[in-house]
Novice: 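A single structure is presented below for examination.
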Amino acid sequence: MASVCPPAASTQPTLPSGPAVFKTVPYAFILPEILCGTWVWILVAATSVSFPLLQGWVMYVSLSSCLISLLLLLSYLFGFHKNSENWKVLDSLYHGATAILYMSAAVLQANATIRSEVGSNSPLYYQLNSAASFFAFITTFLYILHAFSIYYQ
């Protein structure tokens, strides 16, 4: 008589909910993404958007990414995902696409920084643009880390 083995338990990791979001990689990257992205938006806004064509895109990407990431963070905190595997795909696609958009925004912000160095604006605008460029590249890196680390859980 053959022995009957119990069904194997699911080996898929569960998605975090509540405060566990802040302790689990890659979901712990969401809050730094929001904070660094907010700094980008604040610093560019402090320059009075000297180069509207360049910095308008930076403002759009940083503000929309902050808001969508905040909604994603809240959905994880309140457990709206109900441990669905589709949330991992959504999360990865969102962070991958946002990383690409942020890279374009970071490059445009770096261009605005270079232009503000020789412009008639005060040195303060150059310093603000430099800080915005720094935070834009840091935020890009965080989004890239988040997008790729989902596959290594």
Novice: For a quick test of reading the model, state the closest non-hydrogen atom pair linking Leu73 to Val21 and the distance between them.
Specialist: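 Looking at all heavy atoms of both residues, the closest pair is CD1-CG1, 3.8 Å.
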Novice: Can you tell me how far the CG atom of Leu72 sits from the CG atom of Leu90, to the nearest 0.5 Å?
Specialist: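 Atom-to-atom, Leu72:CG and Leu90:CG are 6.5 Å apart.
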Novice: Output every pair passing side-chain hydrogen bond (donor to acceptor under 3.5 Å, both in side chains) with a member in residues 31-43, not counting sequence neighbours, ordered by first then second residue.
Specialist: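 Found Glu33-His95, Glu33-His146.
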Novice: For residues Ile150 and Pro26, report the shortest heavy-atom separation together with the two atoms involved.
Specialist: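 Closest pair (atom of Ile150, atom of Pro26, distance): CG1-CG, 3.5 Å.
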Novice: Distance only, no hydrogens: is a donor on one side chain within 3.5 Å (strictly under) of an acceptor on the other, for Asp91 and Tyr76?
Specialist: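 The answer is yes; a qualifying pair exists.
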Novice: Please check if Val61 and Phe134 belong to a single hydrophobic cluster, counting links between Ile, Leu, Val, Met, Phe, Trp and Tyr side chain heavy atoms closer than 4.5 Å.
Specialist: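 Yes, because Val61 and Phe134 connect within a single hydrophobic cluster, where side-chain heavy atoms sit under 4.5 Å apart.
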Novice: If you count heavy atoms of other groups shown closer than 6.0 angstrom to CE of Met103, is the number above 12?
Specialist: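 Open.
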Novice: Do the side chain of Gln55 and the main chain of Ser50 share a donor and acceptor less than 3.5 angstrom apart?
Specialist: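 The answer is yes, because a donor-acceptor pair under 3.5 Å joins these two groups.
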Novice: Return yes if some donor-acceptor pair links the side-chain N/O of Ser84 with the main-chain N/O of His81 below 3.5 Å, else return no.
Specialist: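 Not a single qualifying donor-acceptor pair exists.
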Novice: So if you build clusters from Ile, Leu, Val, Met, Phe, Trp, Tyr with side-chain heavy-atom gaps below 4.5 Å, do Val25 and Leu35 land together?
Specialist: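 Hydrophobic grouping puts Val25 with Leu35.
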Novice: Do Ile100 and Phe141 sit in one hydrophobic cluster, given that two such residues count as connected whenever their side-chain heavy atoms are within less than 4.5 Å of each other, even indirectly?
Specialist: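 Unlinked, Ile100 and Phe141 end up in two clusters.
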Novice: Whether the side chain of Asn129 engages the backbone of Tyr125 through a donor-acceptor N/O pair (distance < 3.5 Å, no angle test) should be reported.
Specialist: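 Answer holds: yes.
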Novice: Please name the pair of heavy atoms, one in Thr98 and one in Ser65, separated by the smallest distance, quoted to 0.1 Å.
Specialist: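 Nearest heavy atoms, Thr98 then Ser65: CG2-OG, 3.3 Å.
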Novice: Just how far is it from atom CG of Leu67 to atom CD1 of Ile34, taken to the nearest 0.5 Å?
Specialist: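 Here the interatomic distance stands at 9.0 Å.
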Novice: If Ile, Leu, Val, Met, Phe, Trp and Tyr residues are connected whenever their side-chain heavy atoms lie under 4.5 Å apart, and connections chain through other members, are Tyr60 and Leu101 in the same group?
Specialist: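 Yes, because Tyr60 and Leu101 connect within a single hydrophobic cluster, where side-chain heavy atoms sit under 4.5 Å apart.
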Novice: Would the number of heavy atoms belonging to other residues, nucleotides or ligands and lying under 6.0 Å from OH of Tyr94 be above 12?
Specialist: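 More than 12 heavy atoms, drawn from other residues, nucleotides or ligands, come within 6.0 Å of this atom.
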Novice: Is a side-chain N or O of Ser130 found less than 3.5 angstrom from the main chain of Tyr126, in a donor-acceptor match?
Specialist: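 Confirmed, Ser130 side chain pairs with Tyr126 backbone.
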Novice: Hey, could you give me the CZ/CD1 distance between Phe51 and Ile114, rounded to the nearest 0.5 Å?
Specialist: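 If I round to the nearest 0.5 Å, the distance is 10.5 Å.
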Novice: Any idea which heavy atoms bring Ile138 and Cys36 closest together, and the distance?
Specialist: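 Closest approach of Ile138 to Cys36: CG2-SG, 3.9 Å.
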Novice: Heavy-atom distance under 4.5 Å between the side chains of Trp87 and Ser75, does that happen here?
Specialist: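 Heavy-atom side-chain distance check passes, below 4.5 Å.
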Novice: At their closest point, which heavy atom of Gly37 faces which heavy atom of Cys66, and how far apart are they?
Specialist: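 Minimum heavy-atom contact is C-SG, 3.4 Å.
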Novice: Rounded to the nearest 0.5 Å, how far apart are OG of Ser116 and CG of Leu54?
Specialist: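 So the gap between those two atoms works out to 10.5 Å.
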Novice: More than 12 foreign heavy atoms under 6.0 Å from CZ of Phe22: is that the case here?
Specialist: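 Enclosed: over 12 neighbouring heavy atoms sit under 6.0 Å from CZ of Phe22.
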Novice: Listing request: all side-chain hydrogen bond (donor to acceptor under 3.5 Å, both in side chains) pairs with a residue in residues 134-143, at least two apart in sequence or in separate chains.
Specialist: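 Those involving residues 134-143 are Ser69-Tyr143.
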Novice: For the side chain of Thr47 and the backbone of Val44, is there at least one donor-acceptor N/O pair under 3.5 Å apart?
Specialist: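 Side chain of Thr47 to backbone of Val44, a donor-acceptor pair under 3.5 Å: yes, one is there.
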Novice: Are the side chain of Ser133 and the backbone N or O of Gln109 linked by a donor-acceptor pair below 3.5 Å?
Specialist: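 At least one qualifying donor-acceptor pair exists.
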Novice: Give a yes or no on whether Leu93 and Phe29 share a hydrophobic cluster (residues Ile, Leu, Val, Met, Phe, Trp, Tyr; joining criterion: side-chain heavy atoms under 4.5 Å apart).
Specialist: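 As far as the 4.5 Å side-chain criterion goes, Phe29 and Leu93 are not connected within one cluster.
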Novice: Looking at Trp57, Phe135, Tyr102, which hits side chain to side chain contact (heavy atoms under 4.5 Å, CB included) with Ser62?
Specialist: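 With Ser62 as partner, side chain to side chain contact (heavy atoms under 4.5 Å, CB included) holds for just one option, Tyr102.
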Novice: Testing the basics here: between Ala136 and Val40, what is the closest heavy-atom pair and its distance to 0.1 Å?
Specialist: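 Result for this residue pair: N-CG2, 3.4 Å.
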